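As structure tokens, the structure follows; a few thoughts come after it.
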Amino acid sequence: MNTKEEIEHIQCLIIGSGPAGYTAAIYAARADMKPVIYTGLVPGGQLTQTTEVDNFPGYPNGITGPVMMEDLRAQAERFGTSVRFGYATKVDFSIIGGVHKIEIDNIKTVTADTVIIATGATAKWLGLDSEEKYNGFGVSACAVCDGFFFKGQDVAIVGAGDTAAEEATYLAKLCNKVHMLVRRDEFRASKAMVHRVLNTPNIEIHYNTETQEVLGDGQVVTGLRVKNNQTQEVKDLDITGFFVAIGHKPNTDLFKGVLDMDETGYLITKPNVTATNIPGVFACGDVQDNVYRQAITAAGTGCMAALEAERYLAAKEGGE
Ligand code: NDP
């Protein structure tokens with residue numbers, strides 16, 4: 001081991017740079033905690049992969065996801081946050097000497113009094129080239145974010161879990177027709193959610209159906225090619241929006257065996273707060289939320305995490 005390795009000490013380390021991470025940074029910086037944020041591989045997080053954001057309060061004319069994240073970054077920097085491109089590769093939360101130890105990019109070690117985890121979640125995709133090509137141009141992984149752009153139009157949604165069922169009924173209120181593609185002959189969603197889908201007249205369910213290709217005119221989505229995996233029949237649906245709702249994966253591999261998480265990998269925080277099972281480690285945003293998953297709720301929990309970190313530090317310094 002290199003004994004001359006310089007270890008940087010940080011009062012408040014934030015891992016992840018979506019709305020949760022940047023909001024935590026704004027609050028922590030204003031509380032003079034001199035936060036350092038490591039952005040992860042996708043600075044700005046999931047919102048940098050969307051187009052218009054019309055539901056974040058304060059933007060009456062909407063804003064694009066990438067611009068909003070640049071604004072949040074600038075606001076965090078204005079109060080002294082150090083924003084750095086880097087990826088946490090190892091954590092030691094055994095709190096030796098009262099601090100946590102985090103390795104960045106396998107090379108640098110930092111110690112931190114408080115750690116705010118805002119690593120988010122990643123939407124699962126089908127993995128089709130055409131899905132990637134039209135992502136943001138008719139293909140979306142968030143009905144609540146993008147459904148409005150398809151008001152009065154025909155859309156399709158793939159998935160059969162609670163998210164897909166909830167999003168299908170949400171879309172049905174806005175859109176003319178919703179084609180729901182279920183790959184098996186039954187839903188995974190809870191009975192109550194399935195009941196709601198079955199009782200929504202403008203949702204047409206296509207069982208045993210898989211997506212073959214997203215069709216488009218080179219600019220935007222114009223249809224969907226689907227195949228019945230029982231009859232092998234292939235057909236094209238006329239749609240302008242395609243919603244993928246096949247689940248999310250929380251970005252928590254780094255914390256396995258260290259932080260409490262549920263069976264699907266979401267971090268578990270104490271009731272009504274952002275504290276994890278380790279003192280001084282807080283979690284906010286989608287990494288601990290598989291229900292709401294909105295930029296505004298992520299920002300709200302980011303604020304909570306910074307306030308809790310500040311109180312934790314104050315109590316520690318006061319010898320409580
Ligand atoms: P789930 O993992 O529960 O469901 C994913 C769905 O996508 C399954 O129906 C699965 O099909 C389908 N799927 C996966 N891969 C493909 C593919 N390649 N092609 C077609 N279909 C595919 O994820 P959810 O996001 O729906 O839910 C995650 C968790 O969050 C669950 O525990 C859920 O209960 C919870 N939740 C609760 C809500 C609430 O209570 N209001 C709202 C939303 C989520 P198959 O069934 O064949 O495997």
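Atoms within each ligand, like the ligands themselves, are counted from 1 in listed order. Remember, it's a predicted structure, so these values are computed and weren't measured experimentally. We number each residue from 1, following the sequence as shown.
Annotation: atom 8 (C) of ligand 1 to nearest protein heavy atom, R188 NE, 3.6 Å. Protein heavy atom closest to atom 44 (C) of ligand 1, with residue, atom name and distance, is T163 OG1, 3.3 Å. Of the protein's heavy atoms, G247 CA, 3.8 Å lies nearest to atom 23 (O) of ligand 1. Residue, atom and distance of the protein heavy atom nearest to atom 33 (C) of ligand 1 are D162 OD2, 3.5 Å. Counting only heavy atoms of the protein, atom 10 (C) of ligand 1 lies nearest to R183 NH2, 3.9 Å. Distance from atom 41 (N) of ligand 1 to its nearest protein heavy atom, with residue and atom name: E166 OE2, 3.1 Å.
Rounding to the nearest 0.5 Å places CG of D262 at 5.5 Å from CD1 of I268. A distance of 11.5 Å separates CG of L174 from CG of D146, quoted to the nearest 0.5 Å. A distance of 8.5 Å separates CD in Q219 from CZ in F137, rounded to the nearest 0.5 Å.
The one candidate from D253, T252, N251 that meets the side chain to side chain donor-acceptor pair (under 3.5 Å) condition with K249 is D253.
Of the polar atoms of R293, none of the N or O atoms is found under 3.5 Å from an N or O of ligand 1, judged by distance alone. Considering backbone and side-chain atoms alike, A160 places an N or O below 3.5 Å from some N or O of ligand 1. Inclusion of A164 in the set of residues having an N or O under 3.5 Å from an N or O of ligand 1 is not warranted. Here's the thing with H248: none of its N/O atoms is less than 3.5 angstrom from an N/O atom of ligand 1.
Proximity of atom 30 (O) of ligand 1 to the protein is indicated by at least one non-hydrogen atom lying closer than 4.0 angstrom. Protein heavy atoms are found inside the 4.0 Å sphere centred on atom 26 (O) of ligand 1. Note that atom 5 (C) of ligand 1 has protein non-hydrogen atoms nearby, at separations under 4.0 angstrom.
Within the listing of ligand 1, atoms 20 (C) sit less than 4.0 angstrom from a heavy atom of V158. Listed by atom number, the atoms of ligand 1 under 4.0 Å from R184 heavy atoms are 45 (P), 46 (O), 47 (O).
Among N290, I246, V291, the residue whose heavy atom lies nearest to atom 22 (C) of ligand 1 is I246.
No side-chain donor-acceptor contact under 3.5 Å links N208 and D185. Side-chain atoms of T276 and D260 form no donor-acceptor pair, as typed in the model, at a separation below 3.5 Å. There is no side-chain donor-acceptor pair under 3.5 Å between E233 and N228. For the residue pair R293 / T163, a side-chain donor-acceptor distance below 3.5 Å is found, with atom types taken as modelled.
No salt bridge links R30 with D32; every basic N to acidic carboxylate O contact stays at or beyond 4.0 Å. A salt bridge links E8 to R84: one of the charged nitrogens lies within less than 4.0 Å of a carboxylate oxygen.
Ring planes of F255 and F93: parallel class, angle under 30° (limits at 30 and 60°).
At a heavy-atom cutoff of 4.0 Å, ligand 1 is contacted by no atom of L181, backbone or side chain. At a heavy-atom distance under 4.0 Å, only side-chain atoms of L126, from C-beta outward, approach ligand 1.
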